[in-house]
Colleague: 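Here it is, the structure, as structure tokens.
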Amino acid sequence: MLQARAGLSTQPEANEDKERYLGVYRWMLLARVLEEKLAILYRGGKITGGVFLGRGQEALSAALGSALKKGDIFGPLIRDMAGRLAFGEDITDAARTYLGSRLGPMRGRDGNIHRGEPAKGYYAMISHLGAMVASVAGGLFARRLKGETGVVGATCVGDGATSTGSFHEGLNMAAVEKLPLVVIVANNQYAYSTSNARQYACEDLVQRALGYGIAGYKIDGTDPTACIETVFEAVARARAGDGPQMIVADLLRLVGHGEHDDFHYMSHALKVSPIGRDCLDVAREQLISAGWATPAHLDNLRDQASAEVENACSTALREPLPDPNQEDWCALHTRRLAEGAET
Amino acid sequence: MFQKQPTTRTSAAITYLEAIRAAQHKLLSDDPRVFIYGQDIADFGGAFKATKGLANEFPGRVLDSPISEDAQVGMAIGAAIEGMRPIIEMQFADFSTCGFTQIVQHAATHKWRTGVPCPIVIRLPSGGTAGAGPFHSQSMEALYAHYPGLIVMTPATVEDAYTMLLEAVEIDDPVIFCEHKYLYYHLKADGLPSTAMPAGKARVARPGRDATIATYSAMVHESLACATELASDGWEIEVIDLRTVKPLDTDTILASVSRTGRLLAVGEAFPWGGVTAEIIARVATEGFDLLDAPPMRLNAKDTPVPYHPNLWGTHRPTATSIMAAMRKLLGA
Ligand SMILES: Cc1ncc(C[n+]2csc(CCOP(=O)(O)OP(=O)(O)O)c2C)c(N)n1
Ligand SMILES: [Mg+2]
């Protein structure tokens with residue numbers, strides 16, 4: 001059931017390895033720096049509503065966003081800032097959605113993590129957990145009907161979302177249809193405050209893959225090398241026609257559920273365990289020890305990321321906010337069938 | 001009916017949210033059939049802290065559930081058949097759509113089909129707050145009220161939040177308890193009441209003689225603010241707090257309209273159909289002669305609930321927009 005990591009000849013040359021890793025690292029870093037900035041803006045009262053960060057999960061998310069290509073479908077979830085950016089989201093659009101700019105893709109109608117550009121294959125999640133599994137599968141179904149080949153769709157869920165009916169129905173359906181769907185389960189051990197002990201009773205979530213009849217992979221989500229290898233392989237297998245692929249990555253959320261949450265409930269033992277590592281620290285060590293980067297180079301990358309983040313946020317902050325008088329209060333595309341405003 | 005209890009006077013003010021917690025505390029203390037099942041409600045005390053400390057005080061009876069709304073409701077139904085009185089906390093009303101089948105197809109039909117009642121209570125943290133967006137803001141009372149076999153409560157006051165939740169558990173039918181998140185922390189009372197109006201009875205929240213506003217939940221407070229404002233212009237607006245939207249207390253609404261001759265129905269939910277439409281339909285069919293002017297209704301706009309406060313503040317009715325509607329109704 002569990003696929004071995006090797007097998008498909010997707011092993012890149014050493015130089016390709018390095019470039020791929022550095023590419024992923026840049027997205028991890030950019031997401032981290034952006035989210036740190038968003039947390040500051042939130043605390044400063046500049047963001048209304050929730051701020052949900054992916055701190056600790058960047059390697060996994062960035063690996064996925066990097067493994068996907070233009071033309072693929074991506075349905076990210078709460079903690080996928082890194083994957084979104086890697087998939088091609090404009091960082092200013094990310095900032096705009098948090099800061100409520102009228103010029104962002106969601107135009108102030110929706111906020112924070114509830115954003116996307118579906119016309120570019122970047123689906124906009126709804127809050128209801130598990131819902132995106134079937135919808136990304138549906139996107140792939142359509143591509144198949146249209147005769148497009150070589151397309152991959154990917155979506156992410158947390159440990160908690162695996163308990164939803166939607167997750168189960170979506171994954172089972174994707175398996176029946178043998179769709180090129182990659183599902184990443186970021187098992188950060190908690191769903192809000194609820195630990196895995198109250199979420200599922202199987203030994204490991206990757207065992208679910210057997211039940212669905214799909215490929216399952218288990219990785220350490222704090223290890224960027226493992227994330228990159230496995231995610232790229234799963235995406236390649238899906239692209240090659242091997243059907244749905246499920247990767248379960250163990251890691252820890254290094255922040256609260258949202259920025260309002262002090263996560264006092266999180267177990268100290270887990271925090272100091274190997275999955276409590278910060279994947280950015282691990283990446284730094286791995287890059288330096290492989291001789292792929294110097295500390296100075298990495299510091300320089302951080303400065304570049306900071307500049308990009310400052311630029312994106314200050315742009316979004318200067319932009320107009322939504323105006324109810326200019327807002328188009330119509331939920332329909334078929335305007336001739338839209339009713340007027342309420343009486 | 002729940003037993004009338006001596007007044008619990010607290011020196012400090014008690015919020016709407018604390019009243020809900022206090023009611024659940026009392027229910028767990030008094031009734032061994034009661035248990036609470038929901039996401040993050042045990043040690044964490046719930047996303048809003050409506051069950052804070054209860055898991056500790058009532059071991060094994062306040063339990064964290066997996067993120068499985070359909071199964072949560074389904075299991076409550078089974079437990080109710082076996083004589084328990086489960087309370088299900090949805091983390092947000094919006095997520096109850098994932099349990100919709102079990103609520104409207106199973107719980108709602110059970111007594112009618114089998115003769116065996118299904119006394120479950122589903123708590124829905126409902127309604128909009130600034131920045132909550134399309135999936136954490138919905139008002140779902142009309143959806144549930146549509147289905148035969150369900151009771152839908154929409155408390156607007158701290159007192160009602162307390163006594164109606166007690167009564168909801170006592171009632172032998174499934175009750176959808178719509179508690180408004182906007183009122184959770186804002187709304188305070190001096191203490192908890194010892195007596196209550198029964199479910200199904202509306203309340204005159206403010207007497208008046210020039211026009212009636214029939215409303216419920218958070219919109220009661222927007223309507224009261226509107227009435228206060230209009231009072232300075234000499235208008236006396238009567239505000240009816242429906243308390244339960246199903247059953248709808250048509251008699252109290254008609255009695256009010258017979259005094260005022262004018263009716264504005266206000267609700268926070270989407271405009272198509274719904275509670276305000278039901279109010280207007282009933283008054284038009286049962287009390288047409290009482291009306292001196294065409295009745296009016298004011299709801300949220302016919303779009304999803306917007307995220308940004310600038311949009312949200314216009315999407316839902318507020319004292320300001322209620323006032324504009326009221327001036328139109330009064331021809332003022
Ligand atoms: C169907 C549904 N029920 C409840 C919620 C409320 N909710 C939002 S996030 C969350 C916890 C999610 O945990 P997990 O899936 O493990 O993802 P994580 O936040 O840990 O990344 C819950 C319960 C929801 N979004 N959808
Ligand atoms: Mg989780």
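In what follows, chains carry the letters A, B, and so on, assigned in the order in which the sequence lines appear, proteins first and then strands, with residues in each chain numbered from 1.
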Colleague: Could you look at A:Asp261 and say if it's the side chain, the backbone, both or neither that has a heavy atom under 4.5 Å from chain B?
Modeller: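 For A:Asp261, side-chain heavy atoms alone lie under 4.5 Å from chain B.
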Colleague: So which part of A:Leu129 gets closer than 4.5 Å to some heavy atom of chain B, the side chain, the backbone, both or neither?
Modeller: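 Just the side chain, heavy atoms under 4.5 Å.
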Colleague: Quick check on B:Thr97 against chain A: is it the side chain, the backbone, both or neither that has a heavy atom closer than 4.5 Å?
Modeller: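 Side chain only.
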Colleague: State, to 0.1 Å, how close A:Ala191 and B:Ile67 come at their nearest heavy-atom pair, and which atoms those are.
Modeller: CB-CD1, 3.8 Å
Colleague: Considering only heavy atoms, which portion of B:Trp312 lies under 4.5 Å from any heavy atom of chain A: side chain, backbone, both, or neither?
Modeller: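 Neither part, no heavy atoms under 4.5 Å.
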Colleague: Can you name the nearest heavy-atom pair linking B:His136 to A:Ser127, along with the distance?
Modeller: CE1-OG, 3.0 Å
Colleague: Test side-chain contact (heavy atoms from CB on, under 4.5 Å) on B:Phe44 and A:His264; report intermediate values, then the result.
Modeller: CA-CA 9 Å; B:Phe44 192 61; A:His264 61 272; 4.0 Å; yes
Colleague: Find the distance between OG1 (A:Thr164) and CG (B:Asp70) and round it off to the nearest 0.5 Å.
Modeller: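 A:Thr164 OG1 to B:Asp70 CG: 10.5 Å, rounded to 0.5 Å.
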Colleague: What's the separation between atom CG in B:Asp302 and atom CG in A:Leu332, rounded to the nearest 0.5 Å?
Modeller: 7.5 Å
Colleague: The test is side-chain contact (heavy atoms from CB on, under 4.5 Å); show your working for B:His308 and A:Leu321 and say whether it passes.
Modeller: CA-CA 8 Å; B:His308 198 277; A:Leu321 296 174; 3.8 Å; yes
Colleague: List the atom of B:Ser68, the atom of A:Ser163, and the distance in Å for their closest heavy-atom pair.
Modeller: OG-O, 2.6 Å
Colleague: Testing the basics here: between A:Pro324 and B:Thr314, what is the closest heavy-atom pair and its distance to 0.1 Å?
Modeller: CB-OG1, 3.1 Å
Colleague: Side chain from CB out, backbone as N, CA, C, O: work out which of these in B:Asp64 comes under 4.5 Å of a heavy atom of chain A, or both, or neither.
Modeller: both
Colleague: Kindly check if the number of other-residue, nucleotide or ligand heavy atoms within 6.0 Å of NZ (B:Lys52) is above 12?
Modeller: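 Result for NZ/B:Lys52: open.
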Colleague: Evaluate B:Leu311 against A:Trp329 for side-chain contact (heavy atoms from CB on, under 4.5 Å), listing each step before the verdict.
Modeller: CA-CA 10 Å; B:Leu311 300 179; A:Trp329 293 102; 4.0 Å; yes
Colleague: Given a strict heavy-atom distance threshold of 4.5 Å, which part of A:Thr97 is in contact with chain B: side chain, backbone, both, or neither?
Modeller: backbone
Colleague: Looking only at non-hydrogen atoms, find the nearest pair between B:Pro309 and A:Thr48 and report the distance.
Modeller: CG-CG2, 3.6 Å
Colleague: For B:Tyr307 versus A:Tyr98, what's the shortest heavy-atom pair and its separation?
Modeller: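 For B:Tyr307 and A:Tyr98, the tightest heavy-atom pair comes out as OH-O, 3.2 Å.
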Colleague: Any side-chain heavy-atom pair from B:Leu63 and A:Arg198 closer than 4.5 angstrom?
Modeller: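 A side-chain contact exists here, since the closest heavy-atom pair is under 4.5 Å.
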Colleague: Looking at A:Gly130, A:Gly111, A:Pro322, which has the largest count of heavy-atom pairs under 4.5 Å with chain B?
Modeller: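 Max contact count across the listed options: A:Pro322.
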Colleague: Parallel, tilted or perpendicular: which describes the rings of A:His114 and B:Phe135, with under 30° parallel and over 60° perpendicular?
Modeller: tilted
Colleague: Where on A:Ala161 is there a heavy atom nearer than 4.5 Å to chain B: the side chain, the backbone, both, or neither?
Modeller: backbone
Colleague: What part of B:Glu69 gets closer than 4.5 Å to chain A, counting heavy atoms only: side chain, backbone, both or neither?
Modeller: neither
Colleague: Please state whether the side chain, the backbone, both or neither of B:Asn310 comes within less than 4.5 Å of a heavy atom of chain A.
Modeller: both
Colleague: More than 12 foreign heavy atoms under 6.0 Å from CG of A:Asp90: is that the case here?
Modeller: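 Atom CG in A:Asp90 is crowded, with more than 12 foreign heavy atoms closer than 6.0 Å.
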Colleague: Pick whichever of B:Asp94, B:Thr129, B:Asp43, B:Ile41 has the most heavy-atom pairs under 4.5 Å with chain A.
Modeller: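 Winner by heavy-atom pair count: B:Asp94.
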Colleague: Below 4.5 Å, heavy-atom pairs only: which of A:Gly49, A:Ser193, A:Ala331 has the largest tally toward chain B?
Modeller: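 Among the listed options, the one with the most contacts to chain B is A:Ser193.
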Colleague: Verify the ring-centre separation between A:His128 and B:Phe95: is it less than 6.0 angstrom?
Modeller: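 Ring centroids of B:Phe95 and A:His128 are less than 6.0 Å from each other.
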Colleague: Measure A:Tyr192 against the heavy atoms of chain B and call it side chain, backbone, both or neither at under 4.5 Å.
Modeller: both
Colleague: Non-hydrogen atoms of chain A under 4.5 Å away: do they reach the side chain of B:His315, the backbone, both or neither?
Modeller: both
Colleague: What part of A:Gln199 is in contact with chain B, defined as an atom under 4.5 angstrom from a non-hydrogen atom: side chain, backbone, both or neither?
Modeller: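 Contact with chain B is through both the backbone and side chain of A:Gln199.
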Colleague: Sort A:Arg102 into side chain, backbone, both or neither according to what part of it lies under 4.5 angstrom from a heavy atom of chain B.
Modeller: neither
